[in-house]
Amino acid sequence: MDTQKGVHSAEHLSIKLLKAVLLCACTLGILLSLVQVFLDAHLSSADIDRKARELLAMIHDPASKAADRLDTDMGQEVLNGLLEMKSVQVAAIRLDDASNLAKVERPIFASRYRLLSDYIFDSIRIYRQPLEPGKEHFGELILSIDTAYEGKAFIQRSVVVVFAGIIRAIAMALLMYLICSTLLTRPMNRLIRHLSSIDPEAPGQQQLPVPEGNENNELGLWVRTANKLLTSINYHQSLRQKAEARIMRLSQYDYLTRLPNRRTLQNQINTFIQKATNKHENIAILCLGLDDFKSLNAQVNFNAAEHILVKVSDRLRNCIGNKAYIGRLGEDQFAIIQSKIEQPYEAAEMAQSLIRQLDRPFEINNEQLTISATVGITLFPDDGEDVDTLLQQAEFAMIMAKSRSHNRYQFYVATIDTEIRQRKRLEMDLHLALENHELSLAFQPQFNYQKGELVGAEALLRWNHPEKGVISPDMFIPMAEHSLDIIPIGNWVLENACQQLNKWHLDGYQNLRLAVNLSAIQLQDQNIADRIAFLLNKYQIPPETLELEVTETSIIDDLEASKAQLQNMKNIGVTLALDDFGTGYSSLGYLKQFPFDKIKIDKSFVEDLPDNRENCGIVEAIVQIGKSFGLKVLAEGVETVEQETCLANKGCQEGQGYYYGKPLSAQDFISLISSQRALSGNTQVEGGDYETPGDNND
């Protein structure tokens, strides 16, 4: 009986112990789970803010560029990418005048957990960041985050955590009861000692040993399960560490080229500056920008353009090796940091080497594409001593180099900042020049050596700025092409040239012809031939009296398209001339492919005639080429009677330059024609009455 009482007493005690252990374990498990839930809520709230800030930081630069350029399409494209994030409910680029440059929006997520999640995280969180491209405030970037997605995940995790905590607590309580009831203190002590020796950072590297004699019982199962859990924990911890490392890398490197991004570049430049300051060393920062990448981007699809950027970055990286540090600044811009340089020429050699690396064509989709680059160079400490200033100066130098020509490098000078600001103002003024009637045409005479008379003129565009006076075409024509203002300006030139030619014909000068230059952008216009035909019909102009001039550089980008365009114009009956012949590439190939009627010898080959033997040989060769192809030949830049005599003797049919007259107004040009006809037997007009030959820039 006593034994039974003892057994029952022990059983009651075991039950009480079990109840007490279970109660304490459940209570503790619930409390710990709640603490974990509260911590998770705090971390989830912070994670919402962090992700929003990362999104703002990620699109800040492209959004700033869109705001700076007032480019709605670019702004919309930047914001559309944000919609891939489900939590983004509204995103907008708002300008200073409170108008939206671009905006995207989606409905609020309908979630059954929303009542609780809105209470914890708020329904919508709004973030703002100012847009300050070039340190000038243009507006702000607005991001509205729907917290329901994070709230749903948090509530689901919380439920799992609470139930897992309770289950974990019950399991531990049962285990403790089993241990106490079966007196397995010794093997448990050994297990505890092994548990204490496990590295929390790598829990799966060391396994718990199964206590001897317990291989097949619950204790052995517990040990094996614990080992599986430790292995699983180690695996997921490794995945988390890899994910964190990947996130860190994405924040520091460009996703496409795998080069350091702008922020990482800035940090690296700052490190180089600190070292260079301590050791009194020099640093060169090179900003490399691809030439005409936007037009190239328009020719190929998006994937091909990205493939080109990857190939470009690979070439640059291989060229630099360990001699410098390279990163990506923006869409088509790269920065190269060259430390420990002694002389500026070292940076120039690096720039030239980078430019040469891009000379070889890129093969994309079985098509050969040619890319060139322009490099701007700034030096530390001569040009500046802080990161932002040096990067800005390198970009300014690159921009100015591009404005003058491509495929070259240029060092930064103190006047570049002022020059760029003036250029920006001039671009804005040019946009209104046509509307404000500031543009006009001048006409430079063209002389025929066989007829001994002036037979036509070339129409030259002039811009009389209300404040700066006459602006050189070499300055404002590239601006117009870059900003696409050349399209309305080119249409205006064609219209006014045809109108003037019609007036001359009506005034009795029916044999006069007029040459008009077509830009590369006009040549790409699919409707240009129809417009020319319309103007010829509108002003009743014989097609052969209108001469259209194109340069080799304007047709080199897309030979097939240019060939088709020129053939359409030729079918109308107009005269086609290849301008600046000999200064481009593969000229004979162009003459074979394109329906030209005339070639114009560039003035650089007319200089120093007849004394310069090399130029004499070139001119004679061009004239012979013209005869072989049945083309007329006109020489530009004729300034002296000796040049005229040399050209005529070599078979050149026509000349143009200050020897025959400077660019004139329409009225002065007709007066010149009339005075020539009035002079019996005089077949040339002296250029000295108009302007000195040294001023001939047309």
Side-chain angles (χ1 to χ4, degrees), residues 57 60-62 64-65 68 131-136 251-254 257 259-291 313 316-317 319-355 373-404 408-424:
H60 176 268
D61 287 347
S64 297
K65 289 182 180 179
D68 184 15
L131 297 176
E132 299 176 345
K135 298 184 179 179
E136 295 181 8
S251 67
Q252 296 177 345
Y253 291 84
D254 175 56
T257 62
L259 292 175
N261 58 21
R262 178 181 281 268
R263 180 181 298 177
T264 306
L265 274 170
Q266 290 173 325
N267 294 335
Q268 191 65 38
I269 294 173
N270 191 48
T271 301
F272 281 136
I273 287 176
Q274 292 176 1
K275 292 180 179 179
T277 302
N278 296 332
K279 297 181 180 180
H280 303 287
E281 296 174 342
N282 298 320
I283 300 173
I285 298 176
L286 292 73
C287 178
L288 182 146
L290 303 181
D291 298 330
S313 64
L316 297 179
R317 187 191 291 111
C319 173
I320 289 170
N322 58 1
K323 295 180 292 186
Y325 185 89
I326 183 173
R328 187 182 180 193
L329 282 176
E331 179 186 12
D332 58 352
Q333 292 184 12
F334 301 84
I336 298 90
I337 311 169
Q338 196 176 7
S339 60
K340 300 180 182 179
I341 66 168
E342 296 182 1
Q343 297 294 334
Y345 75 83
E346 298 177 49
E349 289 178 348
M350 172 67 76
Q352 194 64 47
S353 176
L354 295 171
I355 292 172
T374 303
V375 180
I377 308 172
T378 188
L379 302 173
F380 169 87
D382 296 342
D383 296 333
E385 297 186 355
D386 66 274
V387 175
D388 292 336
T389 299
L390 290 169
L391 277 177
Q392 186 181 53
Q393 289 171 348
E395 291 186 62
F396 280 175
M398 183 267 295
I399 293 171
M400 288 309 303
K402 281 190 175 185
S403 70
R404 291 165 182 158
R408 63 189 294 267
Y409 66 85
Q410 177 174 316
F411 282 87
Y412 175 83
V413 292
T415 57
I416 283 185
D417 182 67
T418 303
E419 189 174 349
I420 283 187
R421 294 181 186 277
Q422 291 176 348
R423 179 182 175 84
K424 287 289 186 183

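If you take SG on C287 and CG on L390, they are separated by 12.0 Å, rounding to the nearest 0.5 Å. Taken from CG in L379 to CD in Q393, the straight-line distance is 9.5 Å, to the nearest 0.5 Å. Distance OG/S339 to CD1/I269: 11.5 Å, rounded to 0.5 Å. Distance check: D383 CG to F396 CZ gives 13.0 Å after rounding to the nearest 0.5 Å. For the atom pair D382 CG and I283 CD1, the distance stands at 11.5 Å (nearest 0.5 Å). Atom-to-atom distance recorded for Q410:CD and M400:CE is 6.5 Å, nearest 0.5 angstrom.
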Determine whether S64 and D61 satisfy the following criterion, side chain to side chain donor-acceptor pair (under 3.5 Å), listing intermediate values before the conclusion. CA-CA 5 Å; S64 297; D61 287 347; 5.2 Å; no
L288 and M398: CA distance, side-chain angles, deciding distance, side chain to side chain contact (heavy atoms under 4.5 Å, CB included) verdict: CA-CA 7 Å; L288 182 146; M398 183 267 295; over 6 Å; no
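Taking the side chain as every heavy atom from C-beta outward, I320 and N322 never approach each other to under 4.5 Å. Side-chain atoms of I273 and E385, non-hydrogen and from C-beta on, never get closer than 4.5 Å to each other. Using a 4.5 Å heavy-atom cutoff, the side chains of I341 and M350 are not in contact. Proximity of Y325 to F272: side-chain heavy atoms (C-beta onward) are separated by under 4.5 Å at one or more points.
In plain terms, the two heavy atoms of T374 and A401 that are nearest each other are CG2-CB, 3.3 Å. The minimum heavy-atom distance linking N282 with P381 is given by the pair OD1-CD, 3.4 Å. Between R328 and L265, the closest heavy-atom pair is N-CD1, 3.9 Å. Residues R263 and A57 come closest through the heavy atom pair NH2-CB, 3.8 Å. Listed here is the closest heavy atom pair of R317 and I326: N-CD1, 4.4 Å. Contact between K323 and Q338 at its shortest, heavy atoms only, is O-CG, 4.3 Å.
Evaluation of the side chain to side chain donor-acceptor pair (under 3.5 Å) test over residues 266-279, restricted to residues two or more places apart or in two chains, returns Q266-D388.
Under the 3.5 Å distance criterion, the side-chain polar atoms of K402 are left unmatched by any main-chain donor or acceptor of A373.
Residues satisfying the side-chain contact (heavy atoms from CB on, under 4.5 Å) test with A351, not counting sequence neighbours, are L286, V375, I377, Y409. Under the salt bridge (charged side-chain N to carboxylate O under 4.0 Å, His left out) criterion, R408 pairs with no residue, sequence neighbours left out.
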